[in-house]
Structures are given as C-alpha cells and as structure tokens.
There are 2 protein chains.
Amino acid sequence: MHLTVLGCYAATPRTLTNPTSQVLEINNHVVLIDCGEGTQVELRRHKIKFSRINHIFISHLHGDHFFGLPGFISTMRLLGRDKELHVYGPKGIKEAITLLLKLGDSWTNYPLLFHELTSKETELIFEDDKISVSTIPLDHRVYTNGYLFKEKLGKRKLNVAAVEKYGIDKAYYNNLKNGRDITLDNGSIVPNKELTYDPPKPKSYAFCSDTIYDESLADKVKEVDVLYHESTFLDSEAHLAAKTKHATAKQAAQVAKDANVKTLVLGHYSTRYKSIVLFKEEASTVFPNVLLADDGKTFDF
Amino acid sequence: MHLTVLGCYAATPRTLTNPTSQVLEINNHVVLIDCGEGTQVELRRHKIKFSRINHIFISHLHGDHFFGLPGFISTMRLLGRDKELHVYGPKGIKEAITLLLKLGDSWTNYPLLFHELTSKETELIFEDDKISVSTIPLDHRVYTNGYLFKEKLGKRKLNVAAVEKYGIDKAYYNNLKNGRDITLDNGSIVPNKELTYDPPKPKSYAFCSDTIYDESLADKVKEVDVLYHESTFLDSEAHLAAKTKHATAKQAAQVAKDANVKTLVLGHYSTRYKSIVLFKEEASTVFPNVLLADDGKTFDF
C-alpha cells in the first residue's frame, strides 16, 4: 500500500502548500482521494500517470477538496482518455461538473460516471476481487464522507519446495492457491497447508477529513492499518476546531487510540502554525505511532 | 500601464506553465483578466494583493481561462474581503459560481456582482473617470470576448514656473488643471496653454484570446498601444489553428499590422513547441514590434 500526499493543508492553495489531495495505490488500484485546486499539476510533478486513475473519491464539496476536479476531468479528455472514470462524492457533484463542462462546450469523450452519495450511514460503494471501499460518514459543516479502503484477502502462496517434493503438476497450482487439498496418484491426500503459505494480511486505509472530533468514529475505523485523520488545529485552538467543525492533533490521536489503529497520519493543517512538528508532538502524548503528512511526501505501508 | 502575466499557455496547467491569467494596472485600477487554475497561487507568488482587485474580466468559459475563479472568489472570503467584487463574463458564469458556492455552503460575505455578457457587438461595460472597458467580440469555439481597456484623458499638468511668475493663487490650480484661462487682478487674461502642459496621452490595452484569425478584428483594436493577441500555433500548424478556432503568430502579427498598433504581445502558446522564441521570429516577419508574454513576465507600457 503506497500513499502519495499531493496536498494536505487547509483552506487555500498557497505558493508552498497545496489543498487536500492524495493518491492511494492499493492492491493494483490507483485511486485519487479529494482534488483541491492544483491537483493535476502535483500529479505531473510526482510523475503519476493520469491514465492509471480510474476512481476518484471526493469527501465534501468545499473548494479546498474539490476545485481541482473540473480541470482534472477536462485534462483527461485532452490526453485522449477513453476508459471509464468513476467519481464518488456528495450529491450535487454531478450537477456542478456537468454544468462546467456544458458551459465550455467540452463534454468528455470518455465515459464519466458519477456515484452520488447521500446516506448518513456507512455504505459499501465499490468492490471487486482486489479491494472494497466504504464510506465513513463524518461530521463537518457540509455533508462529508471519509473513505475506508480495504484490500481483499489474496490467494494463498505456493510453497515451491513442498510442491516439487510431491511432484505436483502445474495444472493443480490454481487449486492450491485457492486453498484446496491435493489427492496424489496413490490416493493419499496432502493438506493445502503443507503446500502453501498464508497470503499477506490484507491492509486497510481510512481517510477522515474534514471532521469535528467524534468519539463514535473510532468504531468505524477499528484496527485499520493506517488512519489519516485531519488535525487542522492544535489543542490551544480547540475552541476554533469545535466552531469550524475541525479536529485538533490531540483529538485525532484519541480516535487513533480508541480505534487501536497501527499508524496515525496527520494532515489538513492550518497554515497559522510555524511548524507541523507541533502536531506530531501533541498527538504523540496520546498515541505512539504518529506520522506527519506533508505535500509531496510518500508512505509505504 | 503595467501588465503582469500570471499564465499564458494553452490548454492545461503544467508544472512549469500556467493557463491564462493577467493582471493589468491601468490608471489606478488593478484588474484581473481571465483566471485559469492556479491564478491565486501566481498572484501570491508575484505579491499582488488580492484586495486591490475589484474587477475580473473572463473571456470565455473554457477551463484554462476560468477554472481558477471559484477558488479565487472563495479565498477572497477567507481573507475577510468586504468590498464589492465585479465579475464580467459570458452568460452562465453566475450560475456556475453560484452553484459551486452553494454546494460548499460557503457564500461570500462580500458583495459579489456578476455582469453577464451575451452581445455579439462591442459594448461599453465599465466606465469611471479613470478608465473605460469595452468588449471585443471574438470568434472561438464558445462565446468569447476580448476586452479593450482605455485610460481616460487626465487633467492638465501645472507649469509651476509659469504659475509662479504670474503669482497665481493656489485656489485657482484646479481651474487650471481643468483647462480654464485665468483673469489676473489687472483684468488681463492668461490663456491656459501658457500655464499648463498637456496631460499624458491616454493609453490603451486590447486583450484578444482565444480567437480564430479574423480580419475584421483590426478595426476593433485600431491604433491601440498594446495588443495582446493569442498565437496558439505557428504557421506550420495553421490547419490546426483553423480547426480549433485559434490563431498563428503570423496571423496575430497581421492583425497588429492592419490595426497599426504600437506593440504586439503574443501568448496562449501550445506546449508542443520547443521554444516560444519561434513565435516572435514568425510574427516579426509581418510586424516589427513584437513582445513575448511568458509566465511571471511584467511589462511597463
């Protein structure tokens, strides 16, 4: 699982900081999460091919999470895309993008498919044999969802030495990977466990931004490998966090602790602070394994 | 008259090139012309105060001239603007911006006034005692206007030595600047011309992008001081220019020549070419005084 943070600062694009956008590579899928202004330039800067992205997940329709999307969709057309592009986001996103493309008389010549969200309950919104994606309803000033990305359990891995020892023909390898036992020519059965290894444990990534501190969130992101939780403010500005429906670093860490996640990644920093290291210091007083997102930073999980 | 080119490349924002946006400072007005994605970041980079901009002129609703506007308008709110902001552009611009702000539940708390354009004839759309702004109807794939900015003739300048020689009281200075003659205490009349100098000749700037080559355009920009004319292509791609309703450097120069302008500024380059110097070379075969726009370049006229 590989995460590239294209932007992770709150409010407005600036010369040195970008609004929210991330690329998550998970089990051969490349998904874009949020798309603030400047996202397409950051994708180019990080040499991420636009054509690899087939799914875009937008948390909410504030500009700093969304105003890069019309341009990104338009650029896909100029690049000659012909594959489907799926956009998940709050109801209204289709009307907005459709209107902008209509005004420019520049509708896409690839299939652009919107999946509009309205539910306040968790929903499974995408699933194939590689991953599943569910919403994480969040509490912000407008209708907002986080997203929970989960790898599917892969096939079992062949124990090559054991397989060769029993002289098992290649024709049976697929059965083995699917967990079947093998009956040898002499009628004896070799249990699958002797011939294969467990597949790698599936990983999970929860993206939660923007949101007020919400105790009940911990249940929804229980034991994920990585929790990205916004921390717009420090505890000294907790009153501003409450007022604007954002969270503090300490609150993000409390969610991580209550959910017993492996790693907490902080982001969506207000630019009022001199150093983002302050966020890590604060969160670390509550939860041990804290990482700081920053524009251009990549993570392997 | 001072021009800052924030972006002058066609189609999409890239790591090293920005789509169209310019800031024109003319007779104490600071206006923004077009607003491609990334405009607000470029304004910050060039240290142009957002609060100085009260008028925005959008040529047409293709993304590379317009997709930075929702973010710019939103950022103005976050910066605490309370002054009126006037947006001029094709019909539909109000619906688009209004929808985006409504979806984000983040309407401006300053007066945002739209002036939607539909006419295919030249219109005077703004005028005060400093400048006038008229549309220049252009022929592109969607409804498009260029804009003609003209300084108003200023007041006459005092000839301080002459005024002191006649011992004229300060109370009369305003009359002098307004062109009045002076009657001295002895009854004799001093003609205004002896006491003042002509005001500086008013300057004019015509912004013409995007447009196909149009012979009749020369009449509309006759003898302007500066003509910014798009040159998306070189003559070798004249067939593409015709097909996409853009112009070549040679065609832009022909308009400049026919209109007898003082200076031609080229821009809106396709990124297919290795060097923009090629555009100047081509245009200079037709018209002598050619300048090249480039991102971040400033001009004093």
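Chain naming here is simple, since letters A, B, ... match the order of the sequence lines and numbering starts at 1 in each.
No donor-acceptor distance shorter than 3.5 angstrom exists from the side chain of A/Tyr143 to the backbone of A/Leu61, with no hydrogens or angles considered.
Contacts with chain B were tallied for A/Leu16, A/Asp64, A/Leu99; A/Leu99 has the most, counting heavy-atom pairs under 4.5 Å. Of the residues considered (A/Glu95, A/Arg141, A/Lys91, A/His65), A/Glu95 shows the highest number of contacts with chain B, using heavy-atom pairs under 4.5 Å. In terms of heavy-atom pairs under 4.5 Å with chain A, the best-connected choice from B/Pro13, B/Ala96, B/Gly92, B/Gly68 is B/Pro13. Chosen from B/Pro19, B/Gly71, B/Pro90, B/Ser106, the residue pairing most often with chain A at heavy-atom distances under 4.5 Å is B/Gly71.
Checked against a 6.0 Å centroid threshold, the rings of B/Phe72 and B/Phe50 count as neighbours. Ring centers of B/His115 and B/His55: at least 6.0 Å apart, outside the cut-off.
Between A/Glu25 and A/Arg52 there is a salt bridge, since at least one side-chain N of the basic residue sits less than 4.0 Å from a carboxylate O of the acidic one. Under a 4.0 Å N-O distance rule, the pair A/Asp139/A/Lys245 qualifies as a salt bridge.
Between B/His140 and B/His60, the ring planes lie perpendicular to each other; the angle is over 60°, past the 30° to 60° tilted range.
In this structure, the portions of B/Thr75 lying under 4.5 Å from any heavy atom of chain A include both its backbone and its side chain. Looking at A/Thr15, the atoms closer than 4.5 Å to chain B (heavy atoms on both sides) sit in the backbone and in the side chain alike. Both the backbone and the side chain of B/Leu103 come within less than 4.5 Å of a heavy atom of chain A.
For the ring-ring contact (aromatic ring centres under 6.0 Å, His included) criterion with B/Phe57, the lone passing option out of B/Phe149, B/Phe207, B/Phe126, B/Phe66 is B/Phe149.
One side chain, B/Glu230 or B/Thr232, offers a donor N or O that lies under 3.5 Å from an acceptor on the other.
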Pair A/His268-A/His229, ring pair (Phe, Tyr, Trp, His ring centres under 6.0 Å): steps then yes or no:
CA-CA 8 Å; A/His268 202 268; A/His229 193 293; over 10 Å; no
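Contacts of residues 34-46 of chain A with chain B at a heavy-atom distance below 4.5 Å involve A/Glu37, A/Gly38, A/Thr39, A/Gln40, A/Val41, A/Arg44, A/Arg45, listed in sequence order.
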